[in-house]
Amino acid sequence: TSFSSEKHGKDPPGPRPLPVIGNLLQLDLSKIYHTLMELSKKYGSVFTVYLGPKKVVVLAGYKTVKEALVQFDEEFGERDSLQILQDFNKGHGVLWSNGDSWREMRRFALTNLRDFGMGKKACEDKIIEECQHLIEVFKKFKGEPFDTMQSTNYAVSNIICSMVYGSRFEYSDPEFTSMVDRTNQSILLSGSPSFQLYNMFPRLFKWLTIRKEFLETVAANRKQNSALFSLLKQTLNPEMCRGFVDAFLVRKQNLEASGIKNSHFHNDNLLNMVANLFNAGTETTSTTLRWGLLFMAKYPKIQDQVQEELRRVIGDRQVQVADRKSLPFTDAVIHETQRLASIVPTALPHKTSKNVMFQGYFIKKGTTVFPLLTSVLHDPSEWEKPHSFHPAHFLDKDGKFVKRDAFLPFSAGRRICLGESLARMELFIFFTTLLQHFRFTPAPGVTEDQLDLTPRGGITLSPSPHKLRAVCRM
Ligand code: HEM
């Protein structure tokens, strides 16, 4: 209450909330980040908004977000789950969990994803192989305009399949396509305005059909995953783990064999972890890749420069991760794509783990916190041209690549994206290889100016539906 905070320090400022509905009337639920960006102009870098009855402290700007997530990493490092997710995940997995279970699952996932690929040659080879399949799909359109969404989703999902199950699927396999399509559907649904209303007022909006649809979609994917796990279990060989699921099952068996009860390695954690890896690791990466292709179609001169660099440095051979340092311009374009697209605008909700005094404000334990990543990636005091596509943000005057502190598309601190190195590898290989093979242009009759960069709102920001031509260059 305001009494207890008065004892400790000020509440962060913010627009005056109405009873029950809070600041709902001021919020654009289809793009909350946009309203929050506007409010930060008025209320500064730490402010309060009420999403219905729920109090949220918003952190804005590079300095503030970095300070909170890094210097105060423990205080700001808990996850705040959404109501809809509590309906089924019950604190399992890595994305929406906290405490010991989260810590153990996160450590296990990091070690194993590293063993099965992240930062490894084996994974690079898988990405390269997958990219060849994607190229075949793009070629089938013979330069006619098409929507890149489905095929990039399939390709990127297959990378997670390889790491999780140990093998990829054919794009024509209905078991695979239905799973990918459902994953996307559930991500889209969970970003919709009516969903946010359910999260704010669960009792009032429990009857929403969209909630039912979401839960059914998630349940169908779980059922399918359980069946896949059973198959893997039947052929499990502790000497040779094929992927993440095998490693988890082996660890579980070993713990059980040594009589350890109540370990965190149980089926619910396995199911949720695998779901988390698909949810967090597929749509994000494919959306970023699609922004990259859209920017290339929109800015053909920049596409020229990327293709010139690729021709000069690589020629016709396959690009490797090791080539990154000799492709500074292309690398800058990929970074600039992530910066400008800012696809996870409010990160995922955090929560304070204890009472905290931050920049003179008192924030109570258990308060929801949004690190506004867009305000970091578009911070006018950090970026020369915050709202333009300007690869020079990442280049020095000699054209060498430069890292930028305010480049935080994967967030920072304890909850920093677990798949960052995998995502970076995928973006690099997919983007360069596609640009070696294709010239991306708008559909006939559409000028570059007419290509719309307005994002479609949701938990992640994807390009609005559009079609591109991929004209073969090789
Ligand atoms: C969390 C971004 C790809 C797995 C996050 C967060 C962001 C993010 C902003 C939230 C951080 C926070 O709460 O402060 C991205 C972007 C990606 C990407 C932009 C692609 C371009 C991936 C991939 C994987 C992955 C490929 C899977 C291997 C996760 C997981 C978390 C997470 C498991 C939750 C971590 C935790 O709560 O401890 N990601 N991500 N992400 N990401 Fe990613």
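Counting starts at 1 for both ligands and their atoms, in listed order. Predicted model, so just to flag it, every value in this text is computed and none were measured. Only heavy atoms go into these numbers, but all of them, side chains included; no hydrogens, no water, no symmetry mates.
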Would [X] count as a contact of ligand 1 if the rule is a heavy atom under 4.0 Å away?
| X | answer |
| --- | --- |
| R414 | no |
| P371 | no |
| V156 | no |
| Q338 | yes |
| W102 | yes |

Can you tell me if [X] and [Y] form a side-chain donor-acceptor pair at under 3.5 Å?
| X | Y | result |
| --- | --- | --- |
| Y154 | Q150 | yes |
| T374 | S342 | yes |
| E309 | T330 | yes |

Charged N to carboxylate O below 4.0 Å: is that the case for [X] and [Y]?
| X | Y | answer |
| --- | --- | --- |
| E384 | R404 | yes |
| E129 | K126 | no |
| E336 | R339 | yes |

Going by the closest heavy atom to [atom], which one wins out of [options]?
| atom | options | result |
| --- | --- | --- |
| atom 34 (C) of ligand 1 | V65, L95, I159, L277 | L95 |
| atom 42 (N) of ligand 1 | A341, A347, S411, C417 | C417 |
| atom 18 (C) of ligand 1 | V164, V344, T284, L348 | T284 |
| atom 37 (O) of ligand 1 | R103, R415, M105 | R415 |
| atom 24 (C) of ligand 1 | G281, A109, G93, P345 | G281 |

Near-ring test F407/H335, centroid separation under 6.0 angstrom
yes

Could you tell me whether [X] approaches ligand 1 through its side chain, its backbone, both or neither, with non-hydrogen atoms closer than 4.0 Å?
| X | value |
| --- | --- |
| E420 | neither |
| V94 | both |
| N276 | neither |
| A280 | both |

Yes or no on side chain to side chain contact (heavy atoms under 4.5 Å, CB included) for Y165 and F229, after CA distance, side-chain angles and deciding distance?
CA-CA 8 Å; Y165 310 120; F229 297 168; 4.1 Å; yes

Distance filter under 4.0 Å to [X] heavy atoms, resulting ligand 1 atoms:
| X | result |
| --- | --- |
| T288 | 21 (C) |
| A423 | 3 (C), 20 (C) |
| L373 | 9 (C) |
| P409 | 2 (C), 9 (C), 19 (C) |

Below 3.5 angstrom, do we get any N/O pair linking [X] and ligand 1?
| X | answer |
| --- | --- |
| R106 | yes |
| R79 | yes |
| E426 | no |

Aromatic ring pairing F248/F265, orientation class (parallel under 30°, perpendicular over 60°, tilted between)
tilted

I160 and L422, any side-chain heavy atoms less than 4.5 Å apart:
yes

Could you tell me if the side chain of F440 sits less than 4.5 Å from the side chain of F138, heavy atoms only?
yes

Under the criterion side chain to side chain contact (heavy atoms under 4.5 Å, CB included), which of D80, L373, L95 is the partner of L348?
L95

Per the salt bridge (Lys or Arg N to Asp or Glu O under 4.0 Å) rule, which among R415, K365, K354 passes with E74?
K354

